[in-house]
S.K.: 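Once you've had a glance at the structure underneath, I'll fire off some questions.
Residue numbering restarts at 1 for every chain, and letters A, B, ... go by the order of the sequence lines.
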Amino acid sequence: MSYVDAIHDKSAERIHVVERSPAGERIFKEYPTNYVMYYEDSKGKHRSLYGTPVKKFSSRKQAEWEKEKRIHGKKRLFEADIPIVFRCLSENYLKVDAPKLHTCFFDIEVDFDPSRGFSPPSDPFNPVTAVSLYLDWLDQLVCLAVPPKHMTYETAQEAIAEFPDTMLFRTEKELFDAFFSLIEDADVLSGWNSEGYDIPYMVNRVTRVMSKDDTRRFCLLGQYPKKRKYERFGKEEETFDLVGRIHLDYLQLYKKYNYESRHSYKLDAIGEMEVGEKKTEYEGSLDQLYNKDFKKFIEYNRQDTLLLKKLDNKLQFLELANQLAHENTVLLPTVMGSVAMIEMAVMNEAHERGVVVPNKIRSNLNTVSEGQAAGAYVMNPKKGLHEWIGSIDINSLYPSTIRALNMAPETIVGQVRQTLTNKYMEERGLELAKKKPRYKEGDAPVEGPVLWEGLFSSLEYTAIQNQERGTMLTIDYEDGREEEMSAAQAWKMIYDSNNPYILSANGTIFRSDQEGVIPGLLSKWYSDRKVMQKKLRESTTKTDIDYWDKRQLVRKILLNSAYGALLNEHCRFYDKRIGQSTTLTGRSITKHMSAFTNEIMTGVYDHTGDSMIYGDTDSCYFSAWPMLKDDLPADMSLEDKKQTFIDLYESMSDQCNVSFPGFMEKAFHCPRDKGLIIKGGREVCGDRGLFITKKRYAINIYDAENKRTDTNGAMKVKAMGLDLKRADTPAYVQDFLMEVLEMTLSGKQRDEIIEKIKEFKIILGKQDSWTKGSPKGVNKLTSYTMLEKNSKTGRANMPGHVRAAMNWNTLKRVHGDNYSMEIMDGFKVVVCKLKSNAMGYTSIAYPTDQLRLPEWFRDLPFDDNLMESTLVDEKISNLLGVLKWDLRANTDTNSTFDELFSFG
DNA sequence: CAGGGCTGCTTACCT
DNA sequence: ACAGGTAAGCAGCCCTGA
């Protein structure tokens, strides 16, 4: 059986663990605290990650342990900073299956005060009117409500008669009592935005109408919910953590595992998008519903909770979090971040190998952080339309690179001091600064990714590769020695002296004769995932499919998050040398892939050669069409053409894979078996593609990873980064842009597209002004509002969309409008531009989720022309500008007849 | 004093 | 306490030329 939650009782020095048994029972376990540390000692019986002997000290008493820690304060310490609860879980629950959790989804409704408006969770002056809960272990939806004051209890009963398990209460206190009874057997509470709203509201409201003592009923073990401050969207907020049972905010889980942003994060909107469930529709505001149509109000409240359950049925993020947590012996809320989880994964793996991990190096405030590591290479695309495109990408580039070069803190032999590289960066930074039009003597040098432009490795690495005799280098060894030698000698030492050395593109030397813990762990996750995917393919029942799919997904998430966590400077295993070794070696590998691929097509080993169109991080896009078009039979059928390019690109990808071990050996002195880790795959084939800028392109694909996508005759467009993919473009404009794109990619000519745009402009012209605004997220609204309030001039500088949001809030107040939503930090809004007006506003925003726009808003002097232009002209120019079709002047529906037909 | 262009900030994206 | 690289839009500022 396994844990649900655990706490450290400091005064009694016990760890309390709440478990859920396979039979479904809650069990309370207790462990004595175990304070552990290891310190360097030549007589120690334990081994550190670095293979050095260490001595263990452990105690049940914190004071004793602290004292011992001070005694060894000068030595390097190991595992003295592992949270004691995590150590307890690691010691007692490693490799124990995750429990079947009792989950309760819930949603609360809160009354509205016509004079004071809505109440914030920090000051919950409005009563809770309804709570609905779905208890998954009973498969039961329960709704608790207090009817409106004007309604008799009996009338209310009649109104809700048709809803099962719906209970009415005369007072809020009775409602809370029932709520606490219902959650008694729950392990997990989850709501939508519940961290920011439902949980703090309920805790503070229970304190107000009952007592602080009663809030303990949210928790187990007689504990109070623990107040926690956190920052969100640039504003400090307060919430509570539960004890003994867990609270997870489903909105946050959703955002964590869905990277694209949405137009709206309202549960209704996400529910509709994910499970196609329409929200319960109603007229007016929710408090009007409560007072005028109590039945529908209850239906609405029940529906929200039911929607959460349906969402989780599909997405299963709670079970994912459950498995991730238990796999790595951390608590469930820990998986919301990656660093602590990955650290524990590595520590557990280290223990498996009989070694202990070092303490985190405390960055004290005086040490300056090292500056950003160089990242990925992005090729400047050859802009415009291309035909018969193919792409190859490297499988899990960064994890594979870490494995191939055996990169780990304990396998570092040394570092080629980056004297040349640092000097180059300094000079280049200065040079670029001087090129700036407003450069003044003494201005700061330019920093950032531009400095690495055109580079795929450190200059010292290049010198070693070239075996330069005249270039002197210094090698800093991990044991403290330093050695000077020429680049040619360094090459000999690493590549040709029977040393088990690997050289990364960052000039970091790793040893290849003993596998590092992190590369080993990544390999294990990788191969475990392959096995699980095989089991998944062999599965026939839904239970089996779900089981293996979730298990392989856990591996995938761990593999993907490892790189980011390890590269975070607060991670225990962070080392900039490893980080930059990963990215620069990745650059070199991708460069080789592109150059080699180009060589097959053109005969020239050049990563930007004539066949290459674009590449980003681990991929390359290319076309053999320019080289082949004159050689293909003129009467070749379309299908034959498609197949020809599939076959060609497939074989190129295979040849590329064959080339990797040799390349890895020559470039980094990777042993052959490690070089085999780097593998690529042919990704897409497309008949036409439009490349606009870095990170913005579209391809009409007919094959993706060896699956034809054109079988039903429909187009499948892979569109990346374009406005039509961005949540700050209105949905209907996204659709329009997609149509224009499809026309272009299917070979339609300029005239037809001009007609299409004109048509859209005419439709757009008839729409309500406020539908033509631009969606946007607003952060730091509170802090900018305060900044303006506190400024002497009464005006502060701020981004336009923040000013627009502030304008809404101001006008809302001026008009005494309590019913409309106040825009708060993190809200999604629509920004509308205004014509010049008495208030001096240039724009105003409204909340995306505002169901009805108030009269005062509708009457504002919107600048339709300006908005239409940013929605159509600018976006069309972003999309088709590279074709130089001059679409703007030719689609201007506002032009007079004269303008259209005037010449010169 | 209008307008062009640069800087810095912000959002949302790609891998 | 996941990373770095990038485009685009906007406000505010400086500079230039009228």
Side-chain angles (χ1 to χ4, degrees), chain A residues 230-231 233-234 256 259-263 334-343 360 363 371-381 391 393-394 396-398 436-440 443-444 446 448-453 557-574 576 578-580 582-584 586-587 590 614-620 683 692-697 718-729 774-781 784 795-804 826 828-829 831 833 842-843 870 874-875 877-879 881:
Chain A
Y230 66 105
E231 201 192 278
F233 307 120
K256 181 168 173 66
Y259 302 115
E260 321 88 346
S261 66
R262 304 271 185 257
H263 279 115
T334 312
V335 307
M336 295 305 296
S338 301
V339 169
M341 179 179 72
I342 294 292
E343 279 184 353
K360 199 175 291 193
S363 61
Q372 232 184 4
Y377 166 67
V378 185
M379 179 184 159
N380 243 317
S391 74
D393 60 5
I394 293 164
S396 323
L397 176 68
Y398 290 155
K436 283 187 177 181
R438 288 178 201 166
Y439 175 78
K440 286 191 301 288
D443 272 4
V446 169
V450 282
L451 298 184
W452 284 92
E453 211 170 70
I557 288 170
L558 286 171
L559 275 167
N560 288 344
S561 45
Y563 157 73
L566 261 21
L567 277 247
N568 181 285
E569 62 179 323
H570 302 286
C571 176
R572 179 182 306 272
F573 304 104
Y574 170 81
K576 193 182 172 187
I578 298 180
Q580 201 156 279
T582 310
T583 50
L584 289 184
R587 279 191 182 208
T590 305
Y614 176 58
D616 185 347
T617 310
D618 59 356
S619 65
C620 60
E683 200 211 356
I692 298 162
T693 59
K694 286 178 175 179
K695 304 200 189 276
R696 290 186 159 230
Y697 64 93
K718 175 185 160 95
M720 305 310 297
L722 307 176
D723 291 329
L724 56 95
K725 289 268 289 195
R726 292 177 60 103
D728 50 9
T729 303
S774 294
K776 204 146 282 178
V778 186
N779 299 330
K780 291 193 201 166
L781 177 61
Y784 278 116
R795 223 184 134 76
N797 291 349
M798 66 182 76
H801 64 283
V802 178
R803 165 82 53 203
K828 299 285 175 198
V829 299
V831 182
K833 288 169 180 159
T842 52
S843 59
T870 49
E874 299 302 332
K875 307 246 174 275
S877 144
N878 286 345
L879 186 66

S.K.: What contact category does A:Lys576 fall into here, base, sugar-phosphate, or nothing, at under 4.0 angstrom with non-hydrogen atoms?
M.R.: nothing
S.K.: For A:Arg803 and C:dA11, what is the distance between atoms CZ and P respectively, to the nearest whole Å?
M.R.: 10 Å
S.K.: Protein-nucleotides 4-8 of chain C N/O pairs closer than 3.5 Å?
M.R.:
unit_1, atom_1, unit_2, atom_2, d
C:dG4, OP2, A:Gln372, NE2, 3.4
C:dG4, O3', A:Gly375, N, 2.9
C:dG5, OP1, A:Gly375, N, 2.7
C:dT6, OP1, A:Lys694, NZ, 2.9

S.K.: OP1 or OP2 of B:dC9 sitting under 4.0 Å from any side-chain N/O of A:Asn797?
M.R.: no
S.K.: Can you give one letter per nucleotide of nucleotides 3-8 of chain B, 5' to 3': B if a protein heavy atom sits under 4.0 Å from the base, S if only from the sugar-phosphate, - if neither?
M.R.: --BBS-
S.K.: Applying side-chain contact (heavy atoms from CB on, under 4.5 Å) to A:Asp443 and A:Lys436, what does each step give before you reach the verdict?
M.R.: CA-CA 10 Å; A:Asp443 272 4; A:Lys436 283 187 177 181; over 6 Å; no
S.K.: Identify the two heavy atoms, one from A:Thr583 and one from A:Gly375, that lie closest to each other, and give their separation to 0.1 Å.
M.R.: CB-O, 3.8 Å
S.K.: Verify the contact: side-chain N or O of A:Asn568 to OP1 or OP2 of C:dA1, cut-off strictly under 4.0 Å; return yes or no.
M.R.: no
S.K.: Would you compute the distance between atom OH of A:Tyr398 and atom CG of A:Asn560 and round it to the nearest 0.5 angstrom?
M.R.: 12.5 Å
S.K.: Report yes if a side-chain nitrogen or oxygen of A:His801 is closer than 4.0 Å to either non-bridging phosphate oxygen (OP1 or OP2) of C:dG9; otherwise report no.
M.R.: no
S.K.: Take N1-N3 plus N6-O4 or O6-N4 for Watson-Crick, N1-O2 plus O6-N3 for G-U, both under 3.5 Å. Which runs of 3 or more such pairs involve DNA chain C?
M.R.: B:1-15 with C:3-17
S.K.: Restricting to non-hydrogen atoms, name the atom on A:Asp728 and the atom on A:Ser774 that form the minimum distance, rounded to 0.1 Å.
M.R.: O-CB, 4.2 Å
S.K.: Reckon A:Asp393 touches a base, only the sugar-phosphate, or nothing at all at heavy-atom distances under 4.0 Å?
M.R.: nothing
S.K.: Separation of A:Lys776 atom NZ from B:dT10 atom P, in whole Å?
M.R.: 13 Å
S.K.: Dump the intermediate steps for side-chain contact (heavy atoms from CB on, under 4.5 Å) on A:Leu584 and A:Trp452, then the final yes or no.
M.R.: CA-CA 10 Å; A:Leu584 289 184; A:Trp452 284 92; 3.7 Å; yes
S.K.: What is the distance, to the nearest angstrom, from the CD1 atom on A:Ile578 to the C1' atom on C:dA3?
M.R.: 15 Å
S.K.: For the pair A:Glu343 and A:Val339, evaluate side-chain contact (heavy atoms from CB on, under 4.5 Å) and give the outcome as yes or no after the intermediate values.
M.R.: CA-CA 6 Å; A:Glu343 279 184 353; A:Val339 169; 3.8 Å; yes
S.K.: CG of A:Leu559 versus C1' of B:dT15: gap in Å, rounded?
M.R.: 16 Å
S.K.: Does A:Asp728 or A:Tyr614 map to a spot on DNA chain B nearer the 5' end, using the closest nucleotide for each?
M.R.: A:Asp728
S.K.: Counting the atoms with a prime plus P, OP1 and OP2 as sugar-phosphate, which does A:Tyr697 contact under 4.0 Å by heavy atoms, base, sugar-phosphate, or nothing?
M.R.: sugar-phosphate
S.K.: In whole Å, I'd like the distance from the CG atom of A:Leu724 to the P atom of B:dC13.
M.R.: 11 Å
S.K.: Among the nucleotides B:dA12, C:dA1, C:dC10, which one has an atom lying closest to any side-chain atom of A:Lys828?
M.R.: B:dA12
S.K.: Quick one: A:Leu722 CG to B:dC14 C1', roughly how many Å, whole number?
M.R.: 11 Å
S.K.: Return no unless some side-chain N or O of A:Lys360 is found under 4.0 Å from OP1 or OP2 of C:dA1.
M.R.: no
S.K.: Whole Å only: how far is the OH atom of A:Tyr398 from the C1' atom of B:dC14?
M.R.: 12 Å
S.K.: Checking contacts here: which listed nucleotide (B:dC14, B:dC13, C:dC2) is nearest the side-chain heavy atoms of A:Ala727?
M.R.: B:dC13
S.K.: Need one value for A:Tyr439: base, sugar-phosphate or nothing, where a base atom within 4.0 Å counts as base even if backbone is also close, heavy atoms only.
M.R.: nothing
S.K.: Rounded to the nearest angstrom, tell me the gap between atom CD in A:Glu343 and atom C1' in C:dA1.
M.R.: 10 Å
